[in-house]
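Throughout, a chain's letter reflects where its sequence line sits, starting with A, and its residues are numbered from 1. Everything numeric in this text was worked out from a predicted model, so none of it was measured.
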Protein chains: 2
Amino acid sequence: MEIELNEKQLQIMKKALEVFAEKGFDSASVRDIAQRAEVNVAMISYYFGSKEKLLEAIFMNNTQFMKNKIAAIIHSKAHGPFEKLDLLIDTYVSVIVENRDFHRLMMREQVLIKQGPLYSSIRDMKRQNRNLIEVAVKSGQKAGIFQKNIDISMLAATLFGSVHHFFSNYKFICEENNIPEGDDEAFNTKVIEKLKSHLKVMFKAFLTYGISNKK
Amino acid sequence: MEIELNEKQLQIMKKALEVFAEKGFDSASVRDIAQRAEVNVAMISYYFGSKEKLLEAIFMNNTQFMKNKIAAIIHSKAHGPFEKLDLLIDTYVSVIVENRDFHRLMMREQVLIKQGPLYSSIRDMKRQNRNLIEVAVKSGQKAGIFQKNIDISMLAATLFGSVHHFFSNYKFICEENNIPEGDDEAFNTKVIEKLKSHLKVMFKAFLTYGISNKK
DNA sequence: TTGAATTAAACAAACGTTTAATTAATTTTT
DNA sequence: AAAAATTAATTAAACGTTTGTTTAATTCAA
């Protein structure tokens, strides 16, 4: 299933991702992509077959990349349930931040993707993420420090939904926090870091709700 | 600012919203919309000026509707902070459920809307929602039952993000919960109701975190 | 010399919008 | 109240672009 990609193909995919994230798949024209990637329009059909298949290639590439990143957490030897949870939140948020363009594209287009390899790929990634949460929660429940009645789906919705919210509302949040748009560093330190600690605290509060606090 | 709309215009807007939500603004063609609304294509330009302005009309109509719904909460006489919070969550979720198509459309297109009346309209709605949370939280803090250090932006992200997650992942969630797609009743009772109570419990756990529990 | 890479041009299809003609409804005038 | 005049609603067709893709010729590399 591994497909080798030459430099030109990667260049097209990189620029295409930018344009797709910026304008959305449908509004992004192949001529625009070709121009930014500094290749002839015909090269897109030549290498990928079609605009649609170019999108598929980008999806396959990035979902695989993100899956690998997340999978690394599973095999890391985080000690207690709290550490597991913190690591999960930190990693997940960071992965999204590092792949902001792709994340935006995926979130935008996933509603319209109802079948095919793209759907399967996204679904697998979601399952993996969900399982990761489950592992962390169950380890805490076994240790007797997390409460028993936890709906993993709901917890996942809160985690992924909260993170996604900050990117789909990027401009609005920049306005509210007096951050100049495009200043990624300020956004990361002022917003993303706050988000991480918020999620950690909230999850702890929720998961230990009703359990005798031994702080 | 109130614009009177005749029956034909409302018919076009209704069907257009369906198509926009289904295919996205760019992929939805005016011919498709016209066909579903059973009018001639030219009627769209005739009544609204352009496809873009049709979108604007739909946005203005629905944001106003949703704003009014939410505003009603402010003036309701919910008693304690917990009741305020519960009412807020119930109402917000219900409003989204009842305007599913528009919510989907707005979430999808808002990333690309960076200025103009649409942006202002969406921003105002978000501000209003945010303020509503703030009122509920502050009333709890004054009563001494909520902890002091609460970041309203983060709480808003969690509420709106979680809710939105269930609609942008509609198909995935139906699969996981063995709900046939399109069975709105099953989705509402099995998923939406669970979401509501999950949010209520989680918010309570988080907001009272560290406060002596007098349950 | 063979095959891959690259190009400009052409392609048909679909797009949003406009036009000009016709029908329906409303208002004004007789 | 009937007729005439005016405005609004509706239509099919055409408009000019833009779209993704293909073709056929050419350049480049092995």
Side-chain angles (χ1 to χ4, degrees), chain A residues 2-61 105 108-109 112-118, chain B residues 2-61 105 108-109 112-118:
Chain A
E2 283 286 322
I3 306 149
E4 49 192 72
L5 299 161
N6 66 40
E7 214 159 308
K8 216 115 209 178
Q9 284 172 295
L10 289 170
Q11 167 76 354
I12 293 172
M13 287 167 72
K14 185 184 164 187
K15 294 293 179 183
L17 176 54
E18 281 180 25
V19 184
F20 285 155
E22 197 177 299
K23 305 188 172 183
F25 176 74
D26 287 308
S27 297
S29 79
V30 290
R31 284 171 178 81
D32 192 356
I33 295 166
Q35 201 171 348
R36 291 212 214 178
E38 293 176 307
V39 297
N40 190 279
V41 260
M43 297 306 288
I44 290 171
S45 296
Y46 178 73
Y47 275 129
F48 299 96
S50 68
K51 183 188 173 187
E52 190 105 20
K53 283 182 182 166
L54 168 59
L55 179 72
E56 280 182 30
I58 292 171
F59 260 74
M60 288 309 178
N61 212 36
L105 173 63
R108 190 182 151 82
E109 305 301 339
L112 309 185
I113 298 168
K114 305 203 165 172
Q115 55 179 345
L118 291 200
Chain B
E2 282 287 321
I3 306 149
E4 51 192 71
L5 298 160
N6 65 42
E7 213 160 308
K8 217 115 209 180
Q9 284 172 298
L10 289 170
Q11 168 77 353
I12 293 172
M13 286 168 71
K14 185 185 166 189
K15 294 294 179 181
L17 176 55
E18 280 181 26
V19 185
F20 285 156
E22 197 178 298
K23 303 188 173 183
F25 176 73
D26 286 307
S27 297
S29 79
V30 288
R31 283 173 178 82
D32 192 356
I33 294 165
Q35 201 172 348
R36 291 211 214 177
E38 292 176 310
V39 297
N40 189 279
V41 260
M43 297 306 288
I44 290 170
S45 298
Y46 178 74
Y47 274 130
F48 298 96
S50 67
K51 183 187 174 188
E52 190 104 21
K53 283 180 183 167
L54 168 59
L55 179 71
E56 281 182 29
I58 292 171
F59 260 75
M60 289 308 177
N61 211 36
L105 173 63
R108 189 181 151 83
E109 305 300 340
L112 309 185
I113 297 168
K114 305 204 166 173
Q115 53 180 347
L118 291 199

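Closest contact between the side chain of A/Met43 and the listed nucleotides C/dT17, D/dA9, C/dT7 involves C/dT7. Among D/dT19, D/dT10, D/dA9, the nucleotide with an atom closest to any side-chain atom of B/Asn6 is D/dA9. Among D/dT10, C/dA5, D/dT21, the nucleotide with an atom closest to any side-chain atom of A/Val41 is D/dT21. Residue A/Ala42 places its side chain closer to C/dA8 than to any other of C/dA8, D/dA9, C/dT6. The side chain of A/Val30 lies closest to D/dT21, out of D/dT21, C/dG16, C/dA8. Of all nucleotides listed (D/dA14, C/dT18, D/dG20), C/dT18 comes nearest to the side chain of B/Ser45. The B/Arg31 side chain lies nearest to C/dT17 when the options are C/dT7, C/dT17, D/dT21.
Between the P atom of C/dG16 and the OH atom of B/Tyr46 lies a distance of 21 Å, rounded to the nearest Å. The nearest whole Å value for the distance from the NZ atom in A/Lys53 to the P atom in D/dG20 is 16 Å. Atom CD1 of A/Ile33 is separated from atom P of D/dT18 by 17 Å (rounded to the nearest Å). Rounded to whole Å, the distance from NZ on B/Lys23 to C1' on C/dG16 is 15 Å. Taking atom CG of residue B/Asn40 and atom C1' of nucleotide C/dA20, one finds them 13 Å apart after rounding to whole Å. In this structure, B/Gln9 atom CD and D/dA8 atom P are separated by 13 Å, rounded to whole Å. In this structure, the CD atom of B/Gln35 is 16 Å from the C1' atom of C/dG16, given to the nearest Å. To the nearest angstrom, P of D/dT22 lies 13 Å from CD1 of A/Ile44.
In this structure, B/Phe48 reaches neither bases nor backbone, as no heavy-atom distance under 4.0 Å exists between it and the strands shown. Note on B/Ala34: nothing from the nucleic acid sits closer than 4.0 angstrom, heavy atoms only.
Rounding to the nearest 0.5 Å gives a distance of 10.0 Å between CD of A/Gln9 and CG of A/Leu54.
Along DNA chain C, the nucleotide closest to B/Lys51 and the one closest to A/Glu38 are compared, and the more 5′ of them pairs with A/Glu38.
Salt-bridge check for B/Asp32 with B/Lys23: passed, with a basic side-chain N closer than 4.0 Å to an acidic carboxylate O. A salt bridge links A/Arg108 to B/Glu109: one of the charged nitrogens lies within less than 4.0 Å of a carboxylate oxygen.
Between C/dT6 and A/Lys8, a contact under 4.0 Å exists linking OP1 or OP2 to a side-chain N or O. For D/dG20, neither phosphate oxygen OP1 nor OP2 lies less than 4.0 angstrom from any side-chain nitrogen or oxygen of A/Ser50.
Annotation: cation-pi geometry satisfied between A/Lys51 and A/Phe25 (NZ/CZ under 6.0 angstrom from ring centroid, within 45° of ring axis).
The shortest distance between side-chain heavy atoms of B/Asn40 and B/Tyr46 does not fall below 4.5 Å.
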